[in-house]
Trainee: 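Dropping a structure here in structure tokens format, bear with me for questions.
Per chain, numbering begins at 1; letters A, B, ... match sequence-line order.
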Amino acid sequence: MPELPEVETTRRGIASHIEGQQITGVIIRQPRLRWPIPSDLEEKLKGRKIKSVERRAKYLLINLTHGCLIMHLGMSGSLRILPRSTEPGKHDHFDLLFKNHCLRFHDPRRFGAILWTEQPIAEHSLIRHLGPEPLLEDFTGDYLYQQAQGRRVAVKNLIMDGRVVVGVGNIYANEALFRVGILPTRAANRISLARYTRLADEIKLVLAAAIKRGGTTLRDFQREDGKPGYFAQELLVYGKAGEPCPGCGEPLKQKRIGQRSSFYCGQCQK
DNA sequence: ACAGTAACCTGTTTGC
DNA sequence: TGCAAACAGGTTACTG
């Protein structure tokens with residue numbers, strides 16, 4: 001579910017509800033996520049105040065004055081702000097409790113993660129090797145071009161590789177490549193600097209546009225208030241195999257690249 | 001270093 | 001209709 005725009009939407013949604021708030025407890029209903037939820041989390045968190053809520057890649061970083069609660073939504077995770085008294089449903093694995101409300105973690109597939117660290121976040125093993133944030137200045141066409149040299153993987157795999165650039169998942173990789181007319185299967189080292197410059201720009205544009213609309217809801221992504229994101233209606237190719245290309249009218253194609261479904265126009269993308 | 005695949009899970013859709 | 005296979009927004013870990 002959640003790519004960068006969905007995680008950023010969640011971050012913005014929860015921040016004002018929990019920043020400055022004191023944690024009164026935690027409830028772990030199912031500790032078995034991608035990695036086990038630390039069993040001593042309550043003693044680490046209880047009574048402490050939340051300083052800020054940040055995001056790095058698709059990780060949500062809930063900063064306390066000392067230490068950081070790291071959350072990842074995996075494929076199917078979502079977070080909601082709810083009254084403490086709200087009855088938990090199936091797959092509501094974790095609550096962060098405040099005086100009157102709670103932050104509730106819901107994740108059917110349990111690919112998400114909830115971890116605690118007291119080391120500087122940039123040195124954490126999950127964060128250390130990550131590439132640049134796509135929306136910041138150091139992510140450019142020059143950078144992408146340089147990363148592509150010597151690499152023969154499909155360009156779609158290159159831009160979905162978190163060591164190259166973070167936050168670009170399957171939906172937005174397909175969308176950005178369509179918008180710049182690059183075939184997703186094209187070898188990364190067979191693309192010019194000029195085209196990478198347009199690709200970097202388009203990745204920024206499509207992510208920013210999706211954040212503006214509150215992310216993409218395909219089946220079950222929900223925002224912190226339970227509402228869906230509205231970017232799905234602006235998708236041009238994702239999930240649209242067989243439908244006419246918005247550019248030329250030819251039926252859009254679907255193909256598996258690196259285990260992931262890819263959607264593209266054989267006419268408009270070269 | 002790079003590229004490809006399996007693995008972690010549950011729920012829904014697709015195909016016979 | 002029923003059942004099994006395929007597939008889904010992510011990422012790590014392992015193989016060659």
Side-chain angles (χ1 to χ4, degrees), chain A residues 1-11 29-37 55-60 70-79 89-94 105-115 124-131 134 146-176 184-190 203 206-207 210-211 213-223 228-235 237-242 254-263:
Chain A
M1 161 209 338
E3 299 184 37
L4 187 149
E6 291 73 46
V7 178
E8 178 62 18
T9 295
T10 299
R11 186 194 70 76
R29 300 188 188 83
Q30 167 58 279
R32 304 183 57 207
L33 303 183
R34 177 72 197 268
W35 299 282
I37 301 177
R55 179 188 57 73
R56 173 73 175 103
K58 296 169 193 166
Y59 295 95
L60 284 166
I70 302 173
M71 295 185 128
H72 197 289
L73 301 178
M75 286 280 263
S76 58
S78 57
L79 287 166
K90 202 175 180 185
H91 307 307
D92 286 343
H93 306 311
F94 176 85
F105 179 86
H106 173 89
D107 185 10
R109 290 179 72 180
R110 292 197 269 126
F111 289 168
I114 297 176
L115 298 168
H124 192 276
S125 59
L126 291 175
I127 306 285
R128 204 182 334 154
H129 302 109
L130 296 176
Q146 172 238 315
Q147 289 290 311
Q149 298 318 298
R151 298 198 60 177
R152 281 180 284 186
V153 280
V155 60
K156 178 161 178 275
N157 290 343
L158 184 83
I159 62 175
M160 290 180 69
D161 182 341
R163 290 162 306 185
V164 174
V165 58
V166 301
V168 183
N170 201 28
I171 298 177
Y172 301 109
N174 279 298
E175 292 296 309
T185 49
R186 174 166 286 277
N189 64 352
R190 302 288 305 276
I203 287 172
V206 73
L207 292 177
I211 291 170
R213 307 289 255 125
T216 298
T217 296
L218 293 181
R219 40 169 62 83
D220 57 4
F221 171 68
Q222 43 178 355
R223 304 161 62 154
Y230 298 105
F231 194 72
Q233 58 203 75
E234 290 173 44
L235 295 176
V237 292
Y238 184 86
K240 298 187 186 295
Q254 176 171 5
K255 180 178 195 167
R256 279 186 97 70
I257 304 172
Q259 321 269 69
R260 313 301 297 274
S261 277
S262 306
F263 303 89

Trainee: Students often get this wrong, so: under 4.0 angstrom with heavy atoms, is Ser125(A) touching a base, only sugar-phosphate, or nothing?
Mentor: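 No contact.
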
Trainee: Considering just the side-chain nitrogens and oxygens of His129(A), establish if one lies under 4.0 Å of OP1 or OP2 belonging to dT11(C).
Mentor: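 False: His129(A) side-chain N/O out of range (4.0 Å or more) of dT11(C) OP1/OP2.
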
Trainee: Round to a whole Å and report the spacing from NE2 of His91(A) to P of dG11(B).
Mentor: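 The answer, rounded to whole Å, is 4 Å.
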
Trainee: Nearest whole Å is fine: how far is dA6(C) C1' from Lys255(A) NZ?
Mentor: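 Atom NZ in Lys255(A) sits about 19 Å away from atom C1' in dA6(C).
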
Trainee: Classify Arg110(A) by what it touches in the nucleic acid, base, sugar-phosphate, or nothing, heavy-atom distance under 4.0 Å.
Mentor: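 It contacts sugar-phosphate atoms only.
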
Trainee: Any side-chain donor-acceptor pair under 3.5 Å between Thr216(A) and Tyr172(A)?
Mentor: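 Their side chains do contain a donor-acceptor pair, which is all the 3.5 Å distance test asks for.
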
Trainee: Indicate, yes or no, whether a donor-acceptor pair under 3.5 Å links the base of dA3(B) to the side chain of Arg152(A).
Mentor: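 Under the 3.5 Å cut-off, the side chain and the base do not form any donor-acceptor pair.
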
Trainee: Quick one: are Ser78(A) and Leu73(A) in side-chain contact, heavy atoms under 4.5 Å?
Mentor: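 When only atoms from C-beta onward are counted, Leu73(A) and Ser78(A) do not touch, as no gap falls below 4.5 Å.
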
Trainee: Out of dA3(B), dG11(B), dG10(C), which nucleotide sits closest to the side chain of Lys58(A)?
Mentor: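 Side chain of Lys58(A) sits closest to dG10(C).
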
Trainee: Where the side chain of His72(A) is concerned, which of dA8(C), dT11(C), dG4(B) is the nearest nucleotide?
Mentor: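 Of all the options, the side chain of His72(A) is nearest to dT11(C).
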
Trainee: Under a 3.5 Å cut-off for both distances, is dT14(B) Watson-Crick or wobble paired, and to whom?
Mentor: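 Pair assignment: dT14(B) / dA4(C).
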
Trainee: Describe the nucleic acid contact of Arg163(A) in one word from base, sugar-phosphate, nothing, applying a heavy-atom distance below 4.0 Å.
Mentor: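 Answer is nothing: Arg163(A) stays at 4.0 Å or more from every strand.
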
Trainee: Within the supplied structure, the quantity of interest is the number of heavy atoms (other residues, nucleotides, ligands) at a distance under 6.0 Å from Arg32(A) CZ; does it exceed 12?
Mentor: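 At most 12 heavy atoms, drawn from other residues, nucleotides or ligands, come within 6.0 Å of this atom.
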
Trainee: Using only side-chain N and O atoms of Ser261(A), determine if any of them is under 4.0 Å from OP1 or OP2 of dA8(C).
Mentor: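 The answer is yes; a side-chain N or O of Ser261(A) sits under 4.0 Å from OP1 or OP2.
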
Trainee: Which of these nucleotides, dG10(C), dA3(B), dA8(C), is closest to any side-chain atom of Val153(A)?
Mentor: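 Closest nucleotide among those given: dA3(B).
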
Trainee: May I have the distance from Arg109(A) (atom CZ) to dT13(B) (atom P), rounded to whole angstrom?
Mentor: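 Rounding to the nearest Å, CZ of Arg109(A) and P of dT13(B) are 14 Å apart.
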
Trainee: Just the rounded figure in Å: distance from P of dG10(C) to CG of Asp220(A).
Mentor: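 Nearest whole value for this atom pair: 13 Å.
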
Trainee: Taking atom C1' of dT12(C) as reference, at what distance in whole Å does atom CG of Leu115(A) sit?
Mentor: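 Answer to the nearest Å: 13 Å.
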
Trainee: Tell me whether the OP1 or OP2 atom of dG10(C) has a side-chain N or O from Arg260(A) closer than 4.0 Å.
Mentor: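 Checking dG10(C) against Arg260(A), a side-chain N or O does come within under 4.0 Å of OP1 or OP2.
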
Trainee: Would you say the side chains of Ser262(A) and Lys255(A) form a donor-acceptor pair under 3.5 Å?
Mentor: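 No donor-acceptor contact under 3.5 Å links the two side chains.
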
Trainee: Expressed as a whole number of angstroms, how long is the span from Trp35(A):CH2 to dC9(B):P?
Mentor: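 Taking CH2 of Trp35(A) and P of dC9(B), I get 13 Å after rounding.
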
Trainee: Ignoring the backbone of Met75(A), work out which of dG11(B), dC7(C), dG10(C) is nearest its side chain.
Mentor: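 The answer is dG10(C).
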
Trainee: Nearest-Å distance, CG (Asp161(A)) to C1' (dC2(B))?
Mentor: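 Whole-Å distance recorded here is 10 Å.
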
Trainee: Stacking check: are the rings of Phe111(A) and dT11(C) less than 5.5 Å apart at their centres and under 30 degrees in tilt?
Mentor: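 Not stacked: fails the 5.5 Å / 30° test.
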
Trainee: If you round to the nearest 0.5 Å, how far is CE of Met75(A) from CG of Asp220(A)?
Mentor: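 Output value for this atom pair is 10.5 Å.
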
Trainee: Quick one: label Tyr172(A) by what it contacts on the DNA or RNA (base, sugar-phosphate, nothing), any heavy atom closer than 4.0 Å.
Mentor: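 The residue Tyr172(A) makes no contact with any strand.
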
Trainee: Pairing donors with acceptors under 3.5 angstrom, does anything connect the side chains of Ser261(A) and Gln254(A)?
Mentor: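 Note: Ser261(A) and Gln254(A) side chains meet the donor-acceptor criterion.
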
Trainee: Expressed as a whole number of Å, how far does the P atom of dA6(C) sit from that of dT5(B)?
Mentor: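 Comparing P positions in dA6(C) and dT5(B) gives a spacing of 16 Å.
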
Trainee: Within the supplied structure, the quantity of interest is the number of heavy atoms (other residues, nucleotides, ligands) at a distance under 6.0 Å from Arg128(A) CZ; does it exceed 12?
Mentor: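 Count over threshold, so yes.
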
Trainee: Taking only the side-chain heavy atoms of Tyr59(A) (C-beta and beyond), determine which of dC9(B), dT11(C), dA8(C) contains the nearest atom.
Mentor: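 Of dC9(B), dT11(C), dA8(C), dT11(C) is nearest to the side chain of Tyr59(A).
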
Trainee: Could you check whether Leu126(A) gets within reach of a base, just the sugar-phosphate, or nothing at all, counting any heavy atom under 4.0 Å?
Mentor: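 Touches sugar-phosphate only.
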
Trainee: P atom, dG11(B) versus dT1(C): distance in rounded Å?
Mentor: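 Straight-line distance between the two P atoms is 22 Å.
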
Trainee: Among dA8(C), dA6(B), dG4(B), find the nucleotide with the atom closest to the side chain of Gln259(A).
Mentor: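 Shortest atom-to-atom distance from the side chain points to dA6(B).
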
Trainee: When you check the phosphate oxygens OP1 and OP2 of dA13(C), does a side-chain N or O of Arg34(A) lie under 4.0 Å from one of them?
Mentor: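 Answer no for this pair, as no side-chain N or O of Arg34(A) is under 4.0 Å from OP1 or OP2.
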
Trainee: Does the structure show a Watson-Crick or G-U wobble partner for dG4(B), both distances under 3.5 Å? Name it, or say none.
Mentor: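 In the structure as shown, dG4(B) has dC14(C) as its Watson-Crick or wobble partner.
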
Trainee: In this structure, how many angstroms lie between the C1' atom of dA1(B) and the CD atom of Gln149(A), rounded?
Mentor: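 The distance from CD of Gln149(A) to C1' of dA1(B) comes to 15 Å, rounded to the nearest Å.
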
Trainee: Ignoring backbone atoms, establish whether Lys90(A) has a side-chain N or O less than 4.0 Å from OP1 or OP2 of dT10(B).
Mentor: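 Checking Lys90(A) against dT10(B): no side-chain N or O falls below 4.0 Å of OP1 or OP2.
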
